[in-house]
Amino acid sequence: MKRRAPSDKSTTDEECDDSDEIAQNQDQDDNSSQATLSESDLAPAEGGGDHSGSGINNSTIKTALIPLNSPSLNQLATSLGLLITHSDIDVNDVIVKSECLPNKHKQQHAHPSVCHHWLRDSAAAGRILPIALYVLDDYNPNNSEDGSDDLPPNPQSKNACFRIHPLNSPNEHLVHALRILKQDRVARDERWNALAYSRAAAMVKSFPHRIRSKDDIRLQLSYDSNDTVHTKNIGEKKIRAKIEEYLNYGRISEAETIQNSASHKLYNALCSIQGIGPRRAYELSRTGASSLGELVERGSITQEDVTLAQHLELGIPRTEVSSIAGVVMENARTLLPHPTHAICGGYRRGKSESNDIDILITHHGYTLQQMNEFLANLARRLQDMGFLTKLMRQLSLSDGHSDKHDYQSTLLGVVASSSKYGTTDSAQVTFRRVDIIVCHPHSFHLEVLAWTGSVMYERDLRAFVKRRNLKLNASCVYDEHTNNEVDLSGIRSERHLLAFLHLPWIAPENRNCD
DNA sequence: CGCTGGCAAACA
DNA sequence: TGTTTG
DNA sequence: ACAGCG
């Protein structure tokens, strides 16, 4: 999820393999098939049981999986005072499917297994909890029973979250020109004009065919009662005039002028530096300086910042995104057994090159404090091994006194990516932006939705749910007036969540609105 | 014509 | 508080 | 020098 992309060259399409998008329990240890749970394993999640203070370690949970048909499942349940009936387990809700497991464990897990946290939490609650809550890897966007509730997309909607925005538009030049104009309005601090150009660009991007004439636009238009043409987000006066200029002359002169101006180039370069946004970039770009180097000499910016920016501007190939995520998860698993994770951001939207790497991690049965501690330990571990070279900002740890589910902690950092860590490029080290987010399992699908983007998709998503008096952030949905949190524990997938919010299912690869 | 336009949280 | 960030 | 809606 990247906000700022002044020279946003759209990347070429590539087959989107989502097999590694959601991964769970990928490296089972050899004990995992034995359903042997100690007393402490089954202590309620809250309070940390008898391993209080020691934080998270490997012995906290020895066994993650219990085969569904094993006698030990019922034995365990009975010993906990629980009686599992047939209706308690929906086969479709089963936790680990055999294809998710590494080969060496295929045999042992030939039949579906359940996550023992389900039993433990049920014991704590004194009743069998819905097992769907413990299923996180249970969705496949393209073939899901959850799809039965899908609403159809609406190409004419003014909201981007109702439309299809593929990675590559047949009108890429026009979209690019509109984005130049948007950039310019941002630079001039004309916020609402800039927003209008963003929306117009997104609208054009949702057109499935190349626009050659006004009639081509007509095909996408909504018709009012008089059957007069009107495309949402493209007003009758200003922006339409620009598009008509483009149709007539193949360019928008204002955009050309802006793009060729030296100050705009400097402005863009400044914007790509961490900590410099539109405001400072605008101020610095009109101090008379003509290059970044000059500004470094004056001491306005540091060479270090400029060099880092040059690294971060380079796109990250998909293979490198997944191998960097692999390094992070490999280390995560030494601190937290069997985490569930998803790689979000541009990677999930199918971009062949990402700006950064967004990794979302969740886990059943861990408290807020434990997950915060896990993230802090992970940061330290990655720093110690020299992989994580910089923290962009302090770990934002949610406060430990809230008993709500709306916790989320984020780590924004920079890693040194090299061949050692699976980079395609040899010897050379490249710095890459990485975001690691830990969240509560109840809000996992919501977090996936929020961290997948694009920015415009999120914006319109929130605008839409607001009309139904709901507020939505990355970790919870709540009523705007009563502030009551909406219970998301029954949400099985991102797709299910969108249906729940009365929104159409738009595949991640079609959320490339900006 | 007048109002809205996504949003929270961390820096400086 | 305004700016920057995801 | 934006656009939609009430």
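Proteins come first, then strands; the chains are lettered A, B, ... in the order of their sequence lines, and each starts at number 1.
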Inset, instruction - Return the value, rounded to whole Å, for the distance between atom CZ of A/Arg433 and atom P of C/dT4. - result: 16 Å
Inset, instruction - Name the nucleic acid region contacted by A/Leu472, choosing base, sugar-phosphate or nothing; use a 4.0 angstrom heavy-atom cut-off, strictly under. - result: nothing
Inset, instruction - To the nearest Å, give me how far apart CZ (A/Arg467) and P (B/dT4) are. - result: 16 Å
Legend entry - Nucleotide nearest A/Ala196 (side chain, heavy atoms from C-beta), chosen from D/dG4, C/dG6, D/dA3: D/dA3
Legend entry - Whole-Å P distance, B/dG6 and D/dG4: 14 Å
Legend entry - Side-chain heavy atoms of A/Asp305 within contact of A/Val296, under 4.5 Å: no
Inset, instruction - Go through the side-chain N and O atoms of A/Asn512 and A/Ser454 and say whether any donor and acceptor fall under 3.5 Å apart. - result: no
Legend entry - Any A/Arg240 side-chain N or O less than 4.0 Å from OP1/OP2 of D/dA3: no
Inset, instruction - Looking only at side-chain atoms of A/Leu195, point me to the closest of C/dG6, B/dG6, D/dA3. - result: B/dG6
Inset, instruction - Remember a base hit wins even if backbone is also touched, and classify A/Arg199 as base, sugar-phosphate or nothing at under 4.0 Å, heavy atoms. - result: sugar-phosphate
Inset, instruction - Mind calculating the distance between CZ (A/Arg349) and C1' (C/dG6) to the nearest angstrom? - result: 12 Å
Inset, instruction - Please answer whether B/dG5 and A/Trp192 are stacked, defined here as ring centres separated by less than 5.5 Å and planes angled under 30°. - result: yes
Inset, instruction - Measure the distance from CD1 on A/Ile239 to P on D/dA1 and round it to the nearest whole Å. - result: 13 Å
Inset, instruction - Find the distance A/Arg191:CZ to B/dC3:C1' and express it as a whole number of Å. - result: 14 Å
Legend entry - Under the side chain to side chain donor-acceptor pair (under 3.5 Å) test, residues paired with A/Glu283 that sit two or more places apart: A/Arg279
Legend entry - Whole-Å gap separating C1' (D/dA3) and CZ (A/Arg185): 14 Å
Legend entry - Spacing of A/Arg459 atom CZ relative to B/dT4 atom C1', expressed in whole Å: 13 Å
Legend entry - Integer-rounded Å distance: D/dA1 C1' and A/Lys242 NZ: 8 Å
Legend entry - Side chain of A/Lys471 - closest among B/dA8, B/dG6, C/dG6: B/dA8
Inset, instruction - Check every atom of B/dA8, B/dG6, C/dT5 against the side chain of A/Tyr478 and return the nucleotide holding the closest atom. - result: B/dA8
Legend entry - Distance test, side-chain N/O of A/Lys466 to OP1/OP2 of B/dG5, below 4.0 Å: yes
Inset, instruction - Identify, with sequence neighbours excluded, every residue that meets side chain to side chain donor-acceptor pair (under 3.5 Å) alongside A/Glu245. - result: A/Ser253
Legend entry - Short side-chain N/O contact from A/Arg279 to OP1 or OP2 of C/dT3, under 4.0 Å: yes
Legend entry - Short side-chain donor-acceptor distance under 3.5 Å, A/His176 and A/Gln259: yes
